[in-house]
Each structure stands twice: as structure tokens, then as C-alpha cells.
Amino acid sequence: MTEIQREAMEYDVVIVGAGPAGLSAAIRLKQLDADLDVVVLEKGSEVGAHILSGAVLDPVGLDALIPDWKEKGAPLNTPVKEDNFYLLGEEGKVRVPNWPMPPLMNNHGNYIVSMGNVCRWMAEQAEELGVEIFPGMSCSELVYGENGEVKGVVAGVFGLEADGSYGPNTEPGMELHGKYVFLSEGVRGSLSKEVIAKYDLAQDSEPQKFGLGMKEIWEIDPEKHREGTVTHTMGWPLGKNAGGGSFIYHLENNQVYVGFVVHLNYENPHLYPYMEFQRFKHHPMVAELLEGGKRVAYGARAISEGGYQSMPKMVAPGVALLGCSVGMVNVPRIKGNHNAMLSGKAAAEAAHAALAEGRASDELTAYETEVRAGAIGEDLKKVRNVKPLWSKYGLTTSLVAGGLDMWTNTLGFSFFGTVKHGKSDAEATGKAKDHKKIDYPKPDGKLSFDRLTNVSFAATNHEESQPSHLKLKDEKTPVAVDWTEYAGPSQRYCPAGVYEFVTPDEGGEPKFVINFQNCVHCKTCDIKDPAQNIVWTVPQGGDGPNYPNM
Ligand SMILES: Cc1cc2nc3c(=O)[nH]c(=O)nc-3n(C[C@H](O)[C@H](O)[C@H](O)COP(=O)(O)OP(=O)(O)OC[C@H]3O[C@@H](n4cnc5c(N)ncnc54)[C@H](O)[C@@H]3O)c2cc1C
């Protein structure tokens, strides 16, 4: 095959991903030196199109980055006024009062926001400072320099042939070279995964852990809407089957974010996270709120849950991992946007200092030191045992033990030290024969919806003529292993109905079908597939969901 010729463009810093981490880095770099050449590349059709976050935003990151964000019109319009936490049974609920919660769990001073809109606003701020932002540009490959350092990325490959080869209509994209490359791809970034493996960055950390977050936006009866109210629940319907819980945030315009997170270390391969979410909405407390309303959007995304002990080394020659490419979510607070912003700022400051000294393409160790020893490390360290205690002891015991541990950590010590996570989420999956099937009620079409109907509310799109971006390492494994031993869990864990095992009419072995067009880029398949045979790669730019004000 002839070698592909690509134009190359040179920058000081190349940033992959226009989420809160990447945009914060871009803004900070240009605040520090207006002459720096900074580019941000985003696979979504526009900035915000792939952003799916609750969200209750702790403004600490924005305060540090753009202290006058209010005057500059940042879309933080809904301060949290009321904070509720319930333990649910099938019919009833018990309110856990706020007073025994450690202060870090308090949501007062935070805002209910559309993170998509916050990112759109941050992109405007960045562009005003002179950052080049290219949406609709997927970064599909890393470019390495002569000494093995990361030198840049390949972006903007369009129109591949169906078999993945280059044809007459293929645009080969371009190389964007940077003295430093920042990977701010969010959870389970495909280039970040490559960098972590190539430089063995996770050798001293615990395995990363994840949850699957699914979310709908509802417009509800104005009589029931209570702007600024935040509600979290745990318990029903997951019970002992899996860790997780829900969030219900009342934002502006009679809208409510209704979301559900299922921890991906569940063992029972019959569990169907999407249907757990749908079932949850039939709890009397939730049904009463949503009845008479309408669901206007749906989406899903994995969320990093490993926290402090799962953060890999985050720098290698020429490259730094930012935000949730590292995994910076404070799990009990379900918040990672503030740390994503702080990490972007810290990476920018380290790169700026290095560039000022004439350095390039080396390790930005000052960035890693700041993350671990500064505000991000402090935030994550206090809550580091909550998730592993939950995984080990279940909901009730871990609520008490995790709560106690957060309190003692707030005072500066822990009875538990640092609890290990143990297995990866893929390894945690048990065999089908060892677990009971779960019966899920059929969606009623009013409060609960079948998966494909809901996926149409994610407005996701992938060119059908393109090769599937969901690759199999081995074609036979889905039937030989996933189907035979695990009852085909991809049919259930994918919140977009991408994977199917279709049995022929005449019987016999099923066929594994990948409906990649439905993919919402949540990355759950890459994380949970027990054989680790499914690899999520980046499709061409502009493909994927088109979230409104998620
Ligand atoms: C359901 C759910 C609810 C949440 N609720 C909250 C909350 O209430 N509060 C809170 O603070 N946090 C919340 N979080 C966590 C929060 O979303 C993350 O911590 C945050 O998004 C991390 O920011 P990031 O910039 O690292 O990554 P992201 O926000 O994921 O942004 C990454 C960007 O990079 C782009 N990208 C990825 N790969 C490529 C590539 N190869 N080429 C080009 N572009 C690429 C993506 O399209 C995306 O736009 C929630 C998460 C979920 C899933």
C-alpha cells in the first residue's frame, strides 16, 4: 500500500476533545500567553454535541479559570436550593437527613447546568482569546516522533471504504503536531487508552472502575417543577444486583434531568442497565413527578469511578492526560467537571512554564504533581474508599462505613487506609449459569420507553457507508465466549441497542450483529465486554449523538 500523504500543521499545544478539561486548558494557555498557537479538536458535530453530564456543577473550577464568569454570561442560571437523598424500596422511600452527611456532600453553592451549554460558552471564551477550535474532527491516530514521544495526532479522516481501506473519496485528514499534546477525551478515551498501554502508565495504579450513566430530559407539569431542587436516590430497583442510583435535577424552563447510574462491576450478566433505569421511573415518587410530562432527550455515557487510587500516571513524553481521560470523578458527589477544569488549568500552566524555558515533547511532571498534591488530589483522596467499600460490603454497610470514612478523612485520617478496587469491571462479570435471569416489565410508552425509541431522542447518526468503528479483536469470540458463557451481555449492557445475537429461523448458532449506527459513544462495550474483545475506536468526525442542552 502506498504511504498516505498528509499535510501537517504545527502548534504549540494540540488538544484532543472540547469538554471542560480541554477547553479549560485552551483558555488558560491563551490567558498566560496570547501568542501561543493552540488548537482544540472535537469529534462532535459542534462543541457540546457529545457532552452528557447531569449536571450539578461545583463552580470551583470555573472560579479559578474565569473568576468573572458571571459578568461574562456563563450559563450557570440555576443555583441549588434544595438537596434531598432517599433510600428507595419498591413502593416507599426513606429520606436520609442532610445533617449526618460530611460537608463535602453539600450542594449549596453549586449550580444545575447543561454542561453542553457550559462547554459551548467556554468555546466562545476560548475563541475570543484566539484558540482555534475545529468541531467535527475526530482524532483517530497518534503520531509519534523519532524518539518515541507523542508528536501529534491525525484528525479529519473522512470517507473510508466500507472495509476500512482508502478509496477515491477518502479524505486522508491532516497531522496536527504540537510541542505538547493534551488528551482530554473524557472517560475511556481511545487515544488515551493507547498512550496508557504504550507507556505502561497504569502499572502502579488500581484498575479504573466505571459506571454507566443514562439520562433523559423531561418537560414536566409546571405545578410540580421546583427549580433548583436536587434529588439523589439509592436502593430500588437495583437492590443487591448492582451498585448505583439515580439523580433528578430541576433546571430551568420546567425541565428536569432524570438520570440513572449503574456501576459496571455488576456480576449478573443478565442485568439490563437500561431496563433498570426505565423501571426506576415507575417508583411512585418518580412516576408522580413525571406523569403528564414528556421526555425530550435521551443519552448515555460511562462515568469514571475509580477515583484517587485508579489515576494512572498522567504524563509521558510529549503528552498529558487530562480530566476523565485520567478519571477524576468524585464518586459520592457524582461530580467530575470541576476537577476536569482544574486539570486543564494545571496542564496549561505546566506547559506554559515548560515552553517558556524552551522545552518541548518531554514529560510535564509539574502537571502531575499539581493534580496529585493540589485541589484535585485533596478532593479525590477524601472519598477514595467510598466506591470500593460499596463494592465489597453492599449498599447499607457501605453507607455507614463510607460516610464515616468521609468524615474521618475530612478530619485528616482514615481507619481503612486505602481500600483496593480489585478486579476490572470486565473481570467482575460472572457466568450466566451462576446467576438468575431477571424479568423486566415491558415499557409502557408513557413513563418508560423501549430502547430504540429512546435512542432516536439522542439524535445519533453514523454514515452507513462507513466501516463500523466498533471493532472485534476476534470475530468468533462473541458467539464462542460472550453468548455461550455469558448469555450475550452486550445485548443488555449497551444502552443504545447496538449489539444483537440473531438466531436464524432454521435454528442453530446465533449471528452477532453490530448496529454501529446507533452508538451514542458511551464506551460501555469497551469497558464491560468480559472477553475484552470489543474495541471502541473513533468514527469519522461529526458522527455520533447530537445532544441538545444535556
Ligand atoms: C450520567 C453522568 C452524570 C454526571 N453528572 C455530573 C454532575 O452532575 N456534575 C459533575 O461535575 N460531573 C458529572 N459527571 C461527570 C462529568 O461528566 C465528567 O467528569 C466530565 O465530563 C469530564 O470532563 P472531560 O473534559 O474530561 O471529558 P468529557 O466531558 O467527556 O469531554 C470529552 C470531549 O472529547 C471529545 N473526544 C473524545 N475523544 C475524541 C477524539 N479521539 N477526537 C476528538 N474528540 C474527542 C468528546 O466528544 C467530548 O466532547 C457525570 C457523568 C455522567 C456520565
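From a predicted model like this one, the values you see are computed outputs, not experimental measurements. Every number for a ligand or one of its atoms is a count from 1 in the order of the listing.
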Between [X] and ligand 1, is there a nitrogen or oxygen pair with a distance under 3.5 Å?
X	answer
Glu185	yes
Asn337	yes
Lys43	yes
Lys523	no

### Task
Please indicate whether Lys70 has more than 12 foreign heavy atoms, meaning atoms of other residues, nucleotides or ligands, lying under 6.0 Å from its NZ.
no
### Task
Tell me, yes or no, whether the heavy-atom count around Lys471 atom NZ, taken from other residues, nucleotides or ligands under 6.0 Å, exceeds 12.
yes
Which atoms of ligand 1 have any heavy atom of [X] under 4.0 Å away?
X	result
Leu41	43 (C), 44 (N)
Ala21	25 (O), 26 (O)
Val56	7 (C), 8 (O), 9 (N), 10 (C), 11 (O)
Ile51	29 (O), 31 (O), 49 (O)
Ile334	5 (N), 6 (C), 7 (C), 8 (O), 9 (N), 10 (C), 12 (N), 13 (C)
Ala340	22 (C), 23 (O)
Cys324	18 (C), 19 (O), 22 (C), 26 (O)
Gly19	25 (O), 31 (O), 33 (C)

May I ask you to identify, for [X], whether its side chain, its backbone, both or neither come under 4.0 Å of ligand 1 on a heavy-atom basis?
X	result
Ala55	both
Ala302	backbone
Leu57	neither
Asn339	neither
Met137	backbone
His50	side chain

Does [X] have a non-hydrogen atom less than 4.0 Å from ligand 1?
X	value
Pro20	yes
Lys215	no
Ser184	yes

### Task
Would you mind reporting whether Ile334 and His232 have side-chain heavy atoms less than 4.5 Å apart?
yes
### Task
Taking the side chain as every heavy atom from C-beta outward, state whether Tyr493 and Val262 have any atom pair closer than 4.5 Å.
no
### Query
Between Glu124 and Arg120, does a salt bridge (charged side-chain N to carboxylate O under 4.0 Å, His left out) hold up when you go through it step by step?
CA-CA 6 Å; Glu124 283 168 22; Arg120 289 177 187 108; over 6 Å; no
### Message
Donor-acceptor pair, distance only, cut-off 3.5 Å: does the side chain of Asn253 make one with the backbone of Gln255?
### Response
no
### Query
Can you check whether His338's main-chain N or O pairs, donor with acceptor, with Asp58's side chain at less than 3.5 Å?
no
### Task
Please list, chain by chain and in numerical order, all residues satisfying salt bridge (charged side-chain N to carboxylate O under 4.0 Å, His left out) with Glu227, sequence neighbours excluded.
none
### Task
Quick one: list whatever passes salt bridge (charged side-chain N to carboxylate O under 4.0 Å, His left out) with Arg226, sequence neighbours left out.
none
### Query
Is the Lys NZ or Arg CZ of Lys281 less than 6.0 Å from the centre of Phe449's six-membered ring, within 45° of the axis?
no
### Message
On the six-membered ring of Tyr257, is Lys215 placed so that its NZ or CZ lies under 6.0 angstrom from the centre and within 45° of the ring axis?
### Response
yes
### Message
Applying side-chain hydrogen bond (donor to acceptor under 3.5 Å, both in side chains) to Asp543 and His469, what does each step give before you reach the verdict?
### Response
CA-CA 10 Å; Asp543 282 0; His469 62 285; over 6 Å; no
### Query
Hey, what's the ring geometry for His521 with His50, parallel, tilted or perpendicular (30° and 60° as the breaks)?
perpendicular
## Note on the structure
Out of Leu322, Ile303, Val329, the nearest non-hydrogen contact to atom 50 (C) of ligand 1 is supplied by Ile303
